[in-house]
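Only one structure is covered here, and it is reproduced in the block below.
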Amino acid sequence: MSALLTQLSKLRVRLGLDEKRCVHCLSPFSPNTLTYAPPVVTRLLCEECLEDLAPYAGCFCASCGRPVTPNSLGSDGRPQCQPCREDPPPWNAASFYGIYKDALKDLILRLKFNGELAITRLFADFLFHVCQNLPRPDLTLPIPQYPAQTRARGYNQAHEIAGTFAKKCRLSYDANILIRVKPGDPQEKLNAVRRRQNLKEAFHCERSLSGQSVWLIDDVLTTGSTCREATYALRAADAAEVRVIFIGRADS
Ligand SMILES: [Zn+2]
Ligand SMILES: [Zn+2]
């Protein structure tokens, strides 16, 4: 029986029946013929793109994900960057997949601005890889957008990523608990200090999260000011523990 299945699977490959399109380069490829050596984190990328989009494997700040040298340590002995030592973020831990540049940046921008929602399945695979050994949270939430912005774009990329990921991992998920109550100016144009002022009290929690552990999901972490303000709102609602999880960490 297994010999027959092997023959059938070879035939499928020869006829191109198991061919898929790579989510990044859009070239056809067969997931069953990969010779890629490291653990395959997704079946949605061709071999070349798997290599280009491998997870970040270097040393990083446990508080914010910024790449650091192994001897840059915080008071608890974990790697920590200088800015986090001076001004620790309000969340408990941070996890991310890769550095926000090259192929990963291209995918994040395509999802955010081109409406290529198929990329959310790839990012859900990335987050699964990042979180597979972590204790499960009580609740998973996306960083919300201001409603007018969601209406203008048609979707919130953080919600698309977090929702697909939560479904894949059967996590408790609710995009309506944490809401954004202030629009603010576009963050990209502001420096770090202005970003924080711009975001002050921009988020509100609709119900108590007393004693709950929360995963807060976004696409990119740059200065961290958005996640900071969102975490303050979760803390104000009595969340016991907050882990911020994002796809790309800006390399700065
Ligand atoms: Zn590819
Ligand atoms: Zn840091």
Side-chain angles (χ1 to χ4, degrees), residues 13 16 18-111 114 116 118-126 129-130 191-193 195-196 216 218 220-232 242-252:
V13 170
D18 66 343
E19 227 171 60
K20 287 187 180 183
R21 293 251 164 206
C22 169
V23 172
H24 180 237
C25 71
L26 308 179
S27 305
F29 76 106
S30 298
N32 295 331
T33 57
L34 293 176
T35 54
Y36 188 69
V40 174
V41 299
T42 179
R43 312 290 286 178
L44 299 173
L45 294 174
C46 73
E47 193 148 350
E48 206 173 303
C49 292
L50 263 181
E51 212 165 335
D52 289 346
L53 288 155
Y56 177 69
C59 189
F60 61 89
C61 170
S63 304
C64 76
R66 182 181 279 113
V68 291
T69 56
N71 55 8
S72 177
L73 301 175
S75 54
D76 61 358
R78 295 188 303 170
Q80 199 174 36
C81 68
Q82 186 66 27
C84 285
R85 278 203 290 271
E86 288 166 7
D87 184 14
W91 54 79
N92 301 83
S95 301
F96 71 106
Y97 184 78
I99 301 300
Y100 182 61
K101 63 177 185 179
D102 304 330
L104 190 61
K105 183 174 180 177
D106 174 57
L107 280 168
I108 288 171
L109 293 177
R110 275 164 53 187
L111 171 60
N114 289 6
E116 293 185 48
I119 293 170
T120 57
R121 282 178 55 224
L122 176 67
F123 286 174
D125 286 352
F126 286 176
H129 174 77
V130 164
N191 64 28
V193 177
R195 272 182 188 233
R196 282 210 202 176
L216 182 60
D218 205 1
V220 184
L221 189 116
T222 311
T223 64
S225 45
T226 305
C227 278
R228 259 179 200 269
E229 285 305 318
T231 303
Y232 290 142
V242 179
R243 176 182 288 271
V244 296
I245 301 173
F246 38 96
I247 302 291
R249 175 63 169 97
D251 189 10
S252 57

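These numbers come from a predicted model, not from an experiment. Position 1 is the first residue of the sequence; numbering continues from there. What you see below is based on every heavy atom in this structure, not just the backbone, and it leaves out hydrogens, waters and symmetry mates. Just follow the structure's listing: the first ligand is 1, and inside any ligand the first atom is 1.
- In this structure, Asp125 does not pair ionically with Arg121, as no charged nitrogen and carboxylate oxygen lie closer than 4.0 Å.
- Among the atoms of His24, no N, O or S atom is found under 2.8 Å from the Zn ion (ligand 1).
- With rounding to the nearest 0.5 angstrom, the SG atom of Cys61 is 10.5 Å from the CG atom of Leu73.
- Checked by atom type and distance alone, the side chain of Ser72 pairs as donor or acceptor with a backbone atom of Gln80 at under 3.5 Å.
- Angle SG (Cys64) to the Zn ion (ligand 2) to SG (Cys84): 100°, rounded to 10°.
- Centred on the Zn ion (ligand 1), the angle running from Cys46 (SG) to Cys22 (SG) is recorded as 120°, rounding to 10°.
- Ring geometry for Phe60 against Phe96 counts as perpendicular: the plane angle is over 60°, on a 0 to 90° scale with 30° as the lower cut.
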